[in-house]
K.L.:
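Quick one: the structure is below, questions incoming.
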Amino acid sequence: MLTGGRSDAWGNWEWIRQAEQDAPKPMKGFAGFLRQDLDAVTAGLTFPWSSGVVEGHVNRVKTLKRAMCGRASFELLRACILTQP
């Protein structure tokens, strides 16, 4: 992971350029997707905060919803989500 700010991001641009030119086809595709959203990739690697906690809560809600399999009402799902830590 990058920690040194935007100056380290330039090294990633070089890696992406090399991967698009010389790498096997799957890696070229991955490098192309990185280039398409390079601002978000750079921000994700350089900013000090993370969305991990939010992703954990989203995963918990989806797991609860799957476990209920549509058999319960929205009110019960809401109560389960709000009462669990």
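Along the sequence shown, residues carry numbers from 1. The figures here come from the full heavy-atom set of this structure, side chains too, leaving out hydrogens, waters and symmetry mates.
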K.L.:
Counting only heavy atoms not in Met27, do more than 12 fall under 6.0 Å of its CE?
P.N.:
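Check fails, neighbour count at 12 or below.
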K.L.:
Ion pair present between Glu20 and Arg17, side-chain N to carboxylate O less than 4.0 angstrom?
P.N.:
no
K.L.:
Mind checking whether Phe30 and Val41 sit in one hydrophobic cluster, side chains of I, L, V, M, F, W, Y counted as touching below 4.5 Å?
P.N.:
yes
K.L.:
Any heavy-atom pair between the side chains of Leu38 and Ile16 that's under 4.5 Å?
P.N.:
yes
K.L.:
Out of the candidates Thr63, Val58, Leu64, only one should pair with Arg60 under the side chain to side chain contact (heavy atoms under 4.5 Å, CB included) rule; please name it.
P.N.:
Leu64
K.L.:
Nearest 0.5 Å, please: how far is CD in Glu55 from OG in Ser50?
P.N.:
8.5 Å
K.L.:
Other residues, nucleotides and ligands only: do more than 12 of their heavy atoms fall within 6.0 Å of NZ on Lys65?
P.N.:
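12 or below, so no.
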K.L.:
About how many Å separate NZ of Lys28 and CZ of Phe33, when rounded to the nearest 0.5 Å?
P.N.:
15.0 Å
